[in-house]
Structure formats: C-alpha cells, structure tokens
Amino acid sequence: MYSRIAGTGSYLPAKIVTNADLEKMVETSDEWIRTRTGIERRHIATPEETTSSLSTEAARRAMEAAGVGPEDIDFIAVGTTTPDLIFPNVATLVQARLGIHDTPAFSLETACSGFIYALSMADKFVKLGESKCALVIGAECLSRVIDWTDRGTAVLFGDGAGAVVLTPSETPGLVTTLLSADGQYQDLLKFPYGVSFGFDKLRSGAKAGIQMKGNEVFKLAVNTLSRLVDQTLVKGGIDKSEIDWLVPHQANLRIIQAAAKKLDMPMERVVVTVRDHGNTSAASIPLALDTAVRDGRIQRGQLLLLETFGGGFTWGSALVRY
Ligand code: ACO
C-alpha cells in the first residue's frame with residue numbers, strides 16, 4: 001500500500017507588499033532584494049486572517065481538486081511555526097472550520113520543514129491503512145513574527161497556505177520521504193520568545209522578530225540540501241535523470257539554483273515561486289506544488305523531488321510520483 005496525492009490547493013492573502021513598499025519602511029532597495037534573494041513581492045495577511053483561516057481555504061481547494069468532502073477526511077496534519085494560538089492547535093481549528101469531526105488533528109512545528117514532516121506522517125498513516133483520506137497542510141502568518149524595522153529579515157518572508165489530500169494507492173504515489181534535524185545550530189535562526197522560555201521580553205515592549213545569521217544559514221542550507229538530495233535518490237532507488245520537477249522550499253533563489261545544479265536540472269524544470277511569494281516557510285512547498293499543478297506544468301505520472309531546510313535546523317524531502 002502506498003499513498004498518492006489526490007488533489008492540491010493553496011491560498012494567498014489578497015494584500016501584496018512589493019519591494020518598493022519595503023523601501024519606504026527600511027533602508028533597502030528593490031535591486032538588493034532581487035539580486036540577493038530573487039524576491040519581488042510577498043502576500044501579507046490582514047489582521048482578520050490567521051494561519052487557520054488561510055489553511056482552511058487551501059484545504060477546501062485541495063479537497064475540491066481531490067473530489068472529496070469533509071465527511072471523507074479522516075486525518076489532519078498542519079505544519080506551521082506561526083499557529084493562531086498556543087492551543088487548540090491549528091489542525092483542530094481547521095477541522096472545526098471545515099465541519100470535520102472525530103479525526104486525529106495535530107500541528108507540527110519544524111519551521112520551513114513543517115509541510116514535509118506532516119506529509120511524511122500522513123504517508124505512514126495511509127500506508128498502515130489507518131487513514132483513507134488525509135489532509136496535509138503547510139501554512140504560515142510569518143508577518144506576525146517579523147521585526148518590520150530589521151531589514152535583514154523583513155524583506156524575506158510572506159504569508160500563505162498550501163494543502164494536499166492523500167489517498168491510498170496500490171502503486172506509488174509517495175515513493176519515499178526523508179526527515180532529519182540537528183539542534184546544534186539553533187542560534188543561527190530563531191524566534192527567541194515563547195511559552196516556557198517566557199513572554200517577559202515581549203511584554204516589556206522589546207522588539208521581537210525572527211533572528212537570523214543569514215550568511216551562515218545560507219551556507220549550511222546549500223551544503224545540507226546537497227547531501228539530502230543524494231540521500232533521497234539513494235533511498236528512493238532513483239537516478240537524478242528520472243526527476244521531472246524539482247519543487248524546492250522557496251527561501252532564496254540562489255539556494256534553489258544550487259540544488260538544481262546538484263541535480264543537473266535546468267531551471268525550466270524547477271518550480272520557482274519565491275519571486276511572488278517570498279519565503280512562506282512551511283507553506284512554500286505546497287504553494288509551489290499547487291501553482292505548477294494548476295498552471296499545467298506538473299502532469300500526472302511525473303516524478304517530483306520536494307526538498308526543504310529550515311529553522312532548528314530541520315530538513316526533509318519527498319520523492320513523489322504525481
Ligand atoms: N537591504 C540592503 N542591504 C542589506 C539588507 C537589505 N534588506 N539586508 C542585509 N543587508 C546588508 C548587510 O547589512 C550587509 O552589509 P555589510 O556588508 O555592510 O555588512 C550586506 O547587505 C550583506 O549581508 P549578508 O547577510 O552577508 O548578505 P547575503 O548575501 O548573505 O544575503 C540573505 C542575505 C538573503 C538573508 C541570505 O543570507 C539568505 O538567504 N540566507 C538564508 C536564508 C534561509 O534560507 N533561511 C532558512 C529558512 S527560513 C526559516 O526556516 C523560517
């Protein structure tokens with residue numbers, strides 16, 4: 001038994017913030033942002049929108065594409081690092097919004113790797129026969145954890161959500177997934193406030209935002225993704241020439257180009273959405289996947305490599321026969 005992607009969906013907030021808009025907020029330039037990151041614009045949630053509301057819209061679209069209704073869903077996993085609340089978790093909020101009852105529903109906090117981690121969990125539930133219709137979501141409202149006065153991070157991130165529905169299949173489907181992490185680098189990328197660590201600094205009015213040593217993260221991301229690509233191909237028993245599409249995490253165009261080079265893939269076979277979405281962390285891969293499915297680039301039967309790297313550090317991949 002395998003799992004297969006029966007449908008994809010995504011949702012972006014209507015509000016768009018361009019590099020020109022950011023030029024008015026911090027000392028930066030459209031040229032710097034474009035050449036260092038590949039980003040030109042990003043979508044930002046309104047105060048009324050939350051991670052669960054974005055997730056719900058993405059889920060509705062994925063369920064419609066899969067031809068399933070709320071009564072069919074029997075498992076919900078959401079990868080997010082920006083939940084609406086500490087609890088209830090985002091998956092249960094989505095469950096309530098969609099009118100789904102009596103299913104497992106949980107969120108995973110593995111930063112940019114959240115969707116791949118959630119996908120891997122769902123794959124196992126389907127393979128074991130414990131789920132016949134799993135909803136897997138990656139969603140973020142990163143705009144809520146950005147220090148908008150810090151030009152080093154404010155230009156990088158965006159909000160959005162993507163989702164897939166997984167159903168059982170006698171043939172793959174998900175060929176293999178690979179997950180890993182290494183906590184020793186936690187100081188290179190973090191949002192350093194929270195429940196047991198304490199909200200005191202936030203309460204005292206100190207500026208709170210994502211903290212990142214971008215240059216060091218960049219190098220580790222490129223090296224780790226290079227290793228991850230090799231390991232995934234070996235685990236899946238696949239030669240790199242067999243891959244039709246690379247669907248990478250969208251943090252920085254230069255990191256994506258390095259991964260494509262490693263695979264000897266021309267950029268025409270790489271799904272790139274970072275220009276329009278920025279880095280949407282756990283949402284970026286399902287957003288990119290849905291974009292390329294809906295515009296007709298990704299076709300049924302094609303082999304996809306999904307790969308990600310993010311805060312923790314955490315990283316992971318999935319080889320998918322779409
Ligand atoms: N506008 C103009 N100048 C800037 C800006 C900005 N927005 N931000 C930084 N600079 C300046 C710096 O101050 C520095 O100036 P200096 O040379 O006078 O000191 C100069 O630009 C170069 O800064 P670097 O940080 O070395 O620039 P770099 O080329 O490394 O690009 C970037 C920075 C885009 C952040 C890059 O390092 C990167 O993409 N890193 C990886 C990000 C990533 O993958 N994160 C993981 C996922 S995120 C997650 O998990 C939530």
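Counting convention: from 1, in listed order, for ligands and their atoms alike. The analysis underlying the following values was restricted to heavy atoms, covering all of them including side chains, and did not include hydrogens, waters or symmetry mates.
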I need the atoms of ligand 1 closer than 4.0 Å to a non-hydrogen atom of [X], numbered in the order shown.
| X | value |
| --- | --- |
| Gly311 | 49 (C), 50 (O) |
| Gly310 | 50 (O) |
| Asn279 | 47 (C), 48 (S) |
| Val155 | 7 (N) |

Applying a 4.0 Å heavy-atom criterion (strictly less than), which segment of [X] is in contact with ligand 1: side chain, backbone, both, or neither?
| X | value |
| --- | --- |
| Val26 | neither |
| Ala221 | neither |
| Ile255 | side chain |
| Thr28 | both |

Original post:
Would you say Lys235's side chain and Thr177's backbone share a donor-acceptor pair under 3.5 angstrom?
Top reply: yes
Original post:
So, does Arg321 use its side chain to make a donor-acceptor pair with the main chain of Leu304 at under 3.5 Å?
Top reply: no
Give the residue, atom name and distance (to 0.1 Å) of the protein heavy atom nearest [atom].
| atom | result |
| --- | --- |
| atom 39 (O) of ligand 1 | Asn252 ND2, 2.6 Å |
| atom 51 (C) of ligand 1 | Cys112 SG, 3.5 Å |
| atom 10 (N) of ligand 1 | Trp32 CZ2, 3.4 Å |
| atom 28 (P) of ligand 1 | Arg36 NH1, 3.6 Å |
| atom 45 (N) of ligand 1 | Val217 CG1, 3.5 Å |
| atom 30 (O) of ligand 1 | Asn215 ND2, 3.2 Å |

**OP:** Flag atom 21 (O) of ligand 1 as yes if some protein heavy-atom distance to it falls below 4.0 Å, otherwise no.
**Re:** yes
Original post:
Can you find a protein heavy atom closer to atom 2 (C) of ligand 1 than 4.0 Å?
Top reply: yes
Original post:
How would you list, by chain and number, every residue that makes a salt bridge (Lys or Arg N to Asp or Glu O under 4.0 Å) with Asp295, sequence neighbours excluded?
Top reply: Arg297
Original post:
Atom CD in Glu57, atom OG in Ser10: separation rounded to 0.5 Å?
Top reply: 11.0 Å
**OP:** Walk me through it: do Gln95 and Thr103 pass the test side chain to side chain donor-acceptor pair (under 3.5 Å)?
**Re:** CA-CA 8 Å; Gln95 186 192 36; Thr103 68; 3.0 Å; yes
Original post:
Can we say Lys240 and Asp264 salt-bridge, meaning some charged N sits less than 4.0 Å from an Asp/Glu carboxylate O?
Top reply: yes
Original post:
Below 4.0 angstrom, N of the basic side chain to O of the carboxylate: do Arg41 and Asp276 qualify?
Top reply: yes
Original post:
N/O of Met212 under 3.5 Å from N/O of ligand 1, yes or no?
Top reply: no
Original post:
So is there a nitrogen or oxygen of Thr37 less than 3.5 Å from a nitrogen or oxygen in ligand 1?
Top reply: no
**OP:** Give a yes or no on this: more than 12 heavy atoms of other residues, nucleotides or ligands lie within 6.0 Å of atom NZ of Lys261.
**Re:** no
Original post:
So does Glu49 have more than 12 non-hydrogen atoms from other groups sitting under 6.0 Å from CD?
Top reply: yes
**OP:** Would you please indicate yes or no on a ring centroid separation below 6.0 angstrom for Phe313 and Phe309?
**Re:** yes
**OP:** Assess the pair Phe106 and Phe75: is the distance between their ring centroids shorter than 6.0 Å?
**Re:** yes
**OP:** Kindly identify the option in Arg254, Lys213, Arg151 whose heavy atom sits closest to atom 11 (C) of ligand 1.
**Re:** Arg151
**OP:** Find out whether the Lys NZ or Arg CZ of Arg42 is both under 6.0 angstrom from the six-membered ring centre of Phe157 and within 45° of the ring's axis.
**Re:** no
